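This one's a predicted model, so the numbers in the text were calculated from it and none came from an experiment. Reckoned from all heavy atoms, side chains included, excluding hydrogens, waters and symmetry mates. Numbers here are sequence positions counted from 1.
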Amino acid sequence: MIRAVEPDTDTSAPVLAAYRYCEAVTGAQARNFAYGIRLLPTPKRRAMSALYAFSRRVDDIGDGTLPDDVKAARLEDTRTLLTRLRDGAVDEDDTDPVAVALAHTARRFPVPLGGLDELIDGVRMDLRGETYETWDDLKVYCRCVAGAIGRVSLGVFGTEPGARGAERAPEYADTLGLALQLTNILRDVREDAEGGRTYLPADDLAKFGCSAGFDGPVPPEGSDFTGLIHFEVRRARALFAEGYRLLPLLDRRSGACVAAMAGIYRRLLDRIEREPEAVLRGRVSLPGREKAYVAVRGLSGLDTRHVARRTVRRHA
């Protein structure tokens, strides 16, 4: 069983300031993530903000405009920070608020910091300009940049004592991360192409006549772009269905957090399915009121109860 460690109430002023910084970063930059973590109790919300702020730093290095050799050096700096965290070498008066908050989080929760190393590995794959021949190849990348974050987050959420199948929680968290990342890839097809990146498997692109890429607001001539998107949407839905089995293993508010974040992406997937070519014209997004509705739905526990009933029927 993975169990969250209860934090004490004696949090120092420097640590609180570090957490406030991380929460400000999360509120400003996490368009979808922030809706979920608002549903968590304060200690877990702070911890998730620290994890997000570190992950945002890694992603920003990869997405920035610096030369690749400078990016690589900065990524290694973030890896060095993880080593310092493991060694207990980050003090409360450290000048890096993300380091201070993450060090406190790692002391209070059983967070597998190796997952953050995997995130760095994934961003280095971007720096190398890697492309992916098959879905199995792409899964390696998705597990680094998203599945690993699911497993790290599970260290904060914990699992409910006595939850049936709790030993599979890391597997479900990883799979849910894959579902979110594949949805991201579909949403950002045009933006990534403009940046010289192609994530969808070459096998799939060839199958649907899309090997020429997506450098404009219309699909490649003669392609079955809609067929490609619907094929990938079905794959993402299967991943969501498997990953949602995590929900009944979590406490109510952690489950609400996960259901809210995943629910936003599932609705994005619905929009992409209804109008595939929209992803070639710009980024598909949800209005704030719809995200708020998904968050309220997550807090109600509807998704968790649905998954729990389905699991009971499966084992009956």
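Ion pair Asp204/Arg235 flagged as a salt bridge, since at least one NZ, NE, NH1 or NH2 atom sits closer than 4.0 Å to an Asp/Glu carboxylate oxygen. Ion pairing of Arg267 with Glu290 is present here, as a side-chain N (NZ or NE/NH1/NH2) and a carboxylate O approach within less than 4.0 Å. Look at Arg281 and Glu275 and you find a salt bridge, because one of the NZ, NE, NH1 or NH2 atoms lies within 4.0 Å of a carboxylate O, short of that distance. The pair Arg197-Glu191 does not meet the salt-bridge criterion, since no charged nitrogen lies less than 4.0 angstrom from a carboxylate oxygen. A salt bridge is absent between Glu232 and Arg237: the closest approach of a Lys/Arg side-chain nitrogen to an acidic carboxylate oxygen does not fall below 4.0 angstrom. Salt bridge present: Glu23 and Arg45 bring a charged side-chain N and a carboxylate O closer than 4.0 Å. Using a 4.0 Å cut-off between charged nitrogen and carboxylate oxygen, Arg84 and Asp94 count as a salt-bridge pair. A salt bridge between Arg124 and Glu130 is absent, with no side-chain N of the basic residue lying under 4.0 Å from a carboxylate O of the acidic one. With respect to Arg56 and Asp60, a salt bridge is recorded, a charged nitrogen being found less than 4.0 Å from a carboxylate O. Between Asp63 and Lys71 there is no salt bridge, since no side-chain nitrogen of the basic residue lies less than 4.0 Å from a carboxylate oxygen of the acidic one.
Leu200 is listed as a side-chain neighbour of Ile185, based on a closest heavy-atom distance under 4.5 Å. Using a 4.5 Å heavy-atom cutoff, the side chains of Ile229 and Val233 are in contact. A 4.5 Å side-chain heavy-atom check between Tyr265 and Leu176 finds every atom pair outside the cut-off. At a threshold of 4.5 Å between non-hydrogen side-chain atoms, the residues Val152 and Leu113 do not count as touching. Side-chain contact between Leu116 and Ser55 is present, with heavy atoms from C-beta onward closer than 4.5 Å. Here the side chains of Glu133 and Pro201 are not in contact, with every heavy-atom distance at 4.5 Å or above. In this structure, Leu250 and Glu160 have side chains that are not in contact, with every pair of non-hydrogen atoms separated by 4.5 Å or more.
Considering OG1 of Thr134 and CG of Asp137, their distance stands at 3.5 Å, rounded to 0.5 Å. Put simply, CG on Leu180 and CZ on Arg187 are 10.5 Å apart, with the number rounded to the nearest 0.5 Å.
For Tyr172 and Tyr244, the ring centers sit 6.0 Å or farther from each other. Side-chain rings of Phe225 and Phe208 stay apart, their centers remaining 6.0 Å or farther from each other.
Ser254 and Asp251 are linked by a side-chain donor-acceptor pair at a separation below 3.5 angstrom, with hydrogens and angles left out of the test. For Thr175 and Glu242, the side-chain atoms include no donor-acceptor pair closer than 3.5 Å. In summary, the side chains of Asp96 and Tyr21 do not present any donor paired with an acceptor at a separation below 3.5 Å, with no hydrogens or angles considered.
Using a 4.5 Å cut-off between side-chain heavy atoms of Ile, Leu, Val, Met, Phe, Trp and Tyr, with links allowed through other members, Val218 and Leu205 fall into different hydrophobic clusters. Leu16 and Val100 fall into different hydrophobic clusters, defined by Ile, Leu, Val, Met, Phe, Trp and Tyr side-chain heavy atoms under 4.5 Å apart, directly or through other members. Cluster membership check: Leu127 shares its hydrophobic cluster with Tyr132, using side-chain heavy-atom separations under 4.5 Å among Ile, Leu, Val, Met, Phe, Trp and Tyr. The hydrophobic clustering, which links ILVMFWY residues whose side-chain heavy atoms are closer than 4.5 Å, places Val70 and Val123 apart.
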I would like to know whether Leu286 and Tyr35 meet side chain to side chain contact (heavy atoms under 4.5 Å, CB included); could you show each step before the answer?
CA-CA 12 Å; Leu286 299 182; Tyr35 278 86; over 6 Å; no

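Checked by atom type and distance alone, the side chain of Arg271 pairs as donor or acceptor with a backbone atom of Ser285 at under 3.5 Å. Judged purely by atom type and a 3.5 angstrom limit, Thr26 uses its side chain to pair as donor or acceptor with the backbone of Cys22.
Cation-pi check for Lys44 over Phe157 is not met; the charged atom does not lie both under 6.0 angstrom from the ring centroid and within 45 degrees of its normal.
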